[in-house]
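Convention: sequence-line order gives letters A, B, ...; per-chain numbering from 1.
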There are 2 protein chains.
Amino acid sequence: MSFRDLANDVGIKSASVHYHFPTKADLGEALVARYADRFKAELDKIETGTLESALNAYVALYSRALVLNESICLCAIMGAEAIGLPENVNSRTKAFFDMNRAWLDALLTQNNIRSAADKAGLIVSALEGGMIVASASNDRKLFDQVAEAAKACIS
Amino acid sequence: MSFRDLANDVGIKSASVHYHFPTKADLGEALVARYADRFKAELDKIETGTLESALNAYVALYSRALVLNESICLCAIMGAEAIGLPENVNSRTKAFFDMNRAWLDALLTQNNIRSAADKAGLIVSALEGGMIVASASNDRKLFDQVAEAAKACIS
DNA sequence: GTAAAACTATCTTCCGATAGGTAGGGTCTA
DNA sequence: TAGACCCTACCTATCGGAAGATAGTTTTAC
């Protein structure tokens, strides 16, 4: 996705995109930041009543991206490319993962799960990795399997 | 990494690289294929005597890439970029993941672990995702945490 | 009238790819 | 055994295009 492609999609000229986002790094950072913000908003909507339903809702956030948009988590892509990406983009990506782990950690702790932080990290990694494996294999069932197996690890 | 960059590293001209790998797709496929072959060779060396030691050796294969080369699994990168990559590259990437799951499935089955296939998928996804999260966060400990948590899920 | 936001036009750099040539080594045959 | 031939692996040179970015100008909205 070049400046010209993006400009074309929006309906303006590439020079106008540069007006809002001077460099590619600025554009990338804004993209990840917006993605993280929207994800955070979805997290805040999740009802943390029972552990199981909360986890299901959490997984559904990932699953939706995989199924509907036929793409994968933006931060999985950015994270995989972290080497060679600008530092400001990487720090936003890191912040996204931190946010996810923190949310899960809080949820698990609240439900008296042992080693909450470790399991939170496992779930995030498994879901991100699961999206990649499923996407590369063109088989969404692989993601569902991973998500189920990850949930089965809790308790 | 362009044809010119690669040619420069090898010490020849980019046209000569095109002689061996006519298109970028050919080059990418060969790269992933070689990576998978080498990984397979390492898998074959693993002593599957005890489950724990075998799993440790398996995780070490990933960990080594993360620590020594200061990079991550090639197939994590290719898988994350699967959308937009040539089909021949994607099928090699898929084959790599299949191979990993099959190896773990056999190991777990051999050790009478229930839901071996599901857990094999979980481990692969967790390790691939763990590398990405750790790389993006520039914190190798995150990967080690994930690897430990994944192993703790077995049995 | 001013400031934001779009535009035109252009520059430089890099990319993947191709055409065509060259040097060296091996092979077949009269 | 000498010449004709061919294959491999590199080379030089170049093409068309796309990319990121900038300078300067015009339009639009309040």
- Query: Side-chain contact, heavy-atom cut-off 4.5 Å: B/Ile132 with A/Phe97?
  - Reply: yes
Next item on the list: Indicate yes or no: at least one non-hydrogen side-chain atom of B/Leu55 is less than 4.5 angstrom from one of B/Leu104.
Entry: yes
- Item | Over 12 non-hydrogen atoms of neighbours within 6.0 angstrom of CD in B/Glu42 | yes
So the side-chain hydrogen bond (donor to acceptor under 3.5 Å, both in side chains) pairs with at least one residue in residues 11-25 of chain A (sequence neighbours excluded) are A/Thr23-A/Asp26
Under 4.0 Å, counting only non-hydrogen atoms across every strand here, what does A/Asp5 touch: a base, just sugar-phosphate, or nothing? sugar-phosphate
Given protein heavy atoms under 4.0 Å, the one-letter contact record of nucleotides 20-30 of chain D, with B base, S sugar-phosphate only and - none, is simply BBB--------
Just checking, any donor-acceptor pair under 3.5 angstrom between side chains of B/Arg140 and B/Ser63? yes
Provide the closest heavy-atom pair for [X] versus [Y] in the form atom of the first, atom of the second, distance.
{"X": "A/Val59", "Y": "A/Ala147", "answer": "CG1-CB, 3.7 Å"}
{"X": "A/Val89", "Y": "A/Glu29", "answer": "CG2-N, 3.7 Å"}
{"X": "A/Asp105", "Y": "A/Ala117", "answer": "OD1-N, 3.5 Å"}

A/Asp37 vs A/Lys40, test: salt bridge (Lys or Arg N to Asp or Glu O under 4.0 Å). Steps then yes/no. CA-CA 5 Å; A/Asp37 284 348; A/Lys40 175 73 163 60; over 6 Å; no
Polar pairs (N or O, both sides) under 3.5 Å between protein and nucleotides 1-5 of chain C?
residue: C/dA5; atom: OP2; partner: A/Tyr19; partner atom: OH; Å: 3.3

What residues 77-90 of chain B contributes to the DNA chain D interface at heavy-atom separation below 4.0 Å is none
Donor-acceptor pair, side chain of [X] and main chain of [Y], under 3.5 angstrom:
{"X": "B/Asn138", "Y": "B/Ala134", "result": "no"}
{"X": "A/Ser53", "Y": "A/Gly49", "result": "no"}
{"X": "A/Asp139", "Y": "A/Ser135", "result": "no"}

To the nearest angstrom, the CG-P distance between B/Leu6 and C/dC14 comes to 17 Å
Atom NZ of B/Lys13 and atom P of D/dC10 are separated, to the nearest Å, by 13 Å
Which protein N or O atoms sit under 3.5 Å from an N or O of nucleotides 22-26 of chain C?
none

Residue pairs meeting ring pair (Phe, Tyr, Trp, His ring centres under 6.0 Å), one or both in residues 98-126 of chain B, sequence neighbours left out, come to B/Tyr58-B/Trp103
